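Taking it in order: structure first as structure tokens, then the write-up.
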Amino acid sequence: MTPQAQAPVAATTGWAGDAAALQRSHIIHAKYPVAGASGWLPHGYALCSRVVDAFRGLFAEGGYEELGLPSAVPLSALERQAGSIKSFLDRVYLLRDAEGQGAPGGGEPLVLASTIEAQISLVMADWLAEGRTPPFRVTTVRTVGRHEGHGMRPLWMERFVWPFFEAQAAFTGDSAADTAFLLHGPGRVAAGMGLATFAVERVKEPGAGGAYADRRHELVTLLPEGTSTTLTSVYELGTRFSETFGVHSAGEPLSMLNFGFSARLVLALLVHSHADPERPVYHPSVAPVQVAVVPSVLEGIEEAAALAAALGERGVRAEVYDDHRGRRARIAKARSHGAPLFLTVEGPERGGQLLLGADADAGDPVDPEGGPDALAEQVTARLEALGTELRRVRAAEHSSRVLDLDAFPGPDTVPAAARVPLCRAEACAGAALGNLAGLNVIGRLAGENGVPSDEAAAPHRPCAGCGRPTGSSVLLGRKFRGEK
């Protein structure tokens, strides 16, 4: 496939940064309500909560315990981290009393938490002192604070971030299985909500140190208009936090892994779901409204409400749309909610017929004789089929955006994204990072069966840097507006 043959894609990231569009889609309040802090509207909150719950389920199955942590962290904890690992003191909010003097209520100065590592390390040190035995695996979801100087964009660059989902594991021994779970498990969850991804490992500049983490793995997605954005991150922290905060078992510091995702993942899901602005569609697994029940005439509102209630009693998220401005207004609002399935209640002139389909203007007749149970069975089957097809189509579209190239693209042939063979030699990484004609190295592609990748079993091609055969490849592309 040549770059010229690549299918054009819709420019949707403009919508993603448009606070007014997010409000029209009933996701967040357009005025945040304050700069850098999105206020979630009920429809958007329901969508976001289902995303969070899907990850909660994954981590619960993986043996992680959820805990609740305050958003306030002792300043001294971050000062200890700054002294031996990496400083974030220039991007946190210091909490002060009403006079702006010291900590509220006196005592130790506090900051608004930006990440979990220092805070949970203190907790795990206490657990070890109490006689608890590692490994420790925990998750938490909360609001965190990030001091962003300018360029606020809703759900992407904010000062107060919710949701901020983090997981931390501390253990002795090898981390490969835990790392694979943290990378590929979330990939399966994302796929289950219609969000296609690539698993990658960040490529470091030659000679760059690893003050914060030994390695960083990510799930990335290519947005419909071609740019890449990071959805989740996994940091191999080694023992640096354990050594700093005294997290020792049998005299040895524990190794740690950190996982996280934020509202940016929800934003990416929104962008993919709104690729067609005239007909946004959420995957049934996370759609706040799975079935939009739309009466064609106002006389059908009562019947529509009864049908929606009956479906709700049978586990289907159904909502009746009864806007009195007319049928088109009812359909428009239902479409803006991204409902994957429509149940239309026709008027008396069409015999009160029920139509079930992917849109209000194209449905199949439903036999009302079977009652609510039969209707719920038909709806559930249609939702499952729609979900499977949506996942297949989006995965195929996602893969089609990446060209397989044997060499770095030149200035005259710059694809939206490309896969290029590249070995692990530092010199070759340096060649990639400095020879991309406007593209970024998104990361080294990871295999399904291990981390960083199952390179021994992968087809070998000549490295684009040195020419030696390699099973390793990197993903090249353009990062989403200002992403590091």
Side-chain angles (χ1 to χ4, degrees), residues 15-16 18-33 37-60 66 139 141-143 154-156 158 160-165 186 189-190 192-195 231 261-274 277 279-294 304-305 307-323 330-343 358 376 379-380 382-384 386-387 390-391:
W15 173 87
D18 184 345
L22 285 164
Q23 181 169 347
R24 289 194 301 273
S25 298
H26 312 283
I27 304 299
I28 64 169
H29 192 276
K31 299 187 184 300
Y32 287 82
S38 292
W40 290 84
L41 297 172
H43 179 73
Y45 187 81
L47 172 70
C48 190
S49 296
R50 294 194 179 281
V51 172
V52 171
D53 286 345
F55 281 92
R56 277 191 167 118
L58 169 73
F59 280 88
E66 185 169 9
T139 64
V141 187
R142 57 182 173 170
T143 297
L155 306 188
W156 192 84
E158 296 189 319
F160 302 96
V161 182
W162 185 90
F164 197 76
F165 184 110
V189 170
M193 57 183 73
L195 189 52
L231 304 180
F261 78 84
S262 71
R264 288 186 185 183
L265 184 147
V266 182
L267 178 58
L269 177 63
L270 288 166
V271 173
H272 281 289
S273 300
H274 287 249
R279 181 62 178 103
V281 179
Y282 296 127
H283 192 278
S285 65
V286 293
V289 179
Q290 294 174 312
V291 181
V293 186
V294 180
L307 288 168
L311 289 172
E313 290 169 359
R314 289 158 178 82
V316 177
R317 298 189 293 278
E319 183 171 326
V320 60
Y321 290 83
D322 56 2
D323 193 307
R330 291 191 282 276
I331 292 173
K333 185 174 182 181
R335 285 175 176 165
S336 75
H337 280 181
L341 197 58
F342 280 71
L343 180 62
V379 166
T380 300
R382 289 291 291 270
L383 287 172
E384 289 178 358
L386 283 169
L390 188 62
R391 176 175 175 173

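What you see is a predicted model, and the numbers here were worked out from it, not measured in a lab. These values consider heavy atoms only, across backbone and side chains, with no hydrogens, waters or symmetry-generated copies.
Atoms CG and CG, on Leu343 and Leu307 in that order, are 5.5 Å from each other to the nearest 0.5 Å. Distance OG/Ser273 to CZ/Arg279: 11.0 Å, rounded to 0.5 Å. How far CG of Leu41 is from CD of Gln23: 6.5 Å, rounded to the nearest 0.5 Å. One finds the CG atom of Asp323 at 11.0 Å from the CD1 atom of Ile331 (value rounded to the nearest 0.5 Å). For the atom pair His272 NE2 and Leu390 CG, the distance stands at 11.0 Å (nearest 0.5 Å).
Applying the side-chain contact (heavy atoms from CB on, under 4.5 Å) criterion to Thr139, with sequence neighbours excluded, gives Phe59, Tyr64, Glu66, Phe165, Ala167. Residues meeting the side-chain contact (heavy atoms from CB on, under 4.5 Å) test with Ser38, sequence neighbours left out: Ile28, Tyr32, Pro154, Leu155, Glu158. Listed by chain and residue number, Asp18, Arg24 satisfy the side-chain contact (heavy atoms from CB on, under 4.5 Å) test with Ala20 (two or more places apart in sequence, or in another chain). Under the side chain to side chain donor-acceptor pair (under 3.5 Å) criterion, Thr380 pairs with no residue at all, not counting sequence neighbours. Under the ring-ring contact (aromatic ring centres under 6.0 Å, His included) criterion, Phe55 pairs with Phe261, sequence neighbours left out. Shown here are the side-chain contact (heavy atoms from CB on, under 4.5 Å) partners of Pro163, two or more places apart in sequence or in another chain: Trp40, Cys48, Val52, Val141, Ala263. Applying the ring-ring contact (aromatic ring centres under 6.0 Å, His included) test to Phe164 and every residue at least two apart in sequence or in another chain returns nothing. The salt bridge (charged side-chain N to carboxylate O under 4.0 Å, His left out) check on Arg335 picks up Asp359, Asp361, with sequence neighbours excluded.
The side-chain hydrogen bond (donor to acceptor under 3.5 Å, both in side chains) analysis of residues 42-54, with sequence neighbours excluded, yields the pairs Asp53-Arg56.
The closest side-chain donor-acceptor pair between His274 and Tyr282 falls under 3.5 angstrom.
Of the possible donor and acceptor atoms, one in the side chain of His283 sits under 3.5 Å from a partner among the backbone N and O of Gly192. Judged by distance alone, with hydrogens and angles left aside, the side-chain atoms of Arg330 form no donor-acceptor pair with the main-chain N or O of Asp322 at under 3.5 Å. Panel note: side chain Ser25, backbone Ile27; no donor-acceptor pair is recorded below 3.5 Å.
Of all heavy-atom pairs between Ala334 and Val294, the closest is CB-CG2, 4.4 Å. Val51 and Val266 make their closest contact through CG1-CG2, 4.4 Å (heavy atoms, listed as atom of the first residue, atom of the second, distance).
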Give every donor-acceptor pair under 3.5 Å between a side-chain atom in residues 313-321 and any protein atom, sequence neighbours left out.
from	atom 1	to	atom 2	distance (Å)
Arg314	NE	Asp373	OD1	2.6
Arg314	NH1	Ala310	O	3.0
Arg314	NH2	Asp373	OD1	3.3
Arg317	NE	Ala287	O	2.8
Arg317	NH2	Pro284	O	2.9
Arg317	NH2	Ala287	O	2.9
Tyr321	OH	His337	ND1	2.7

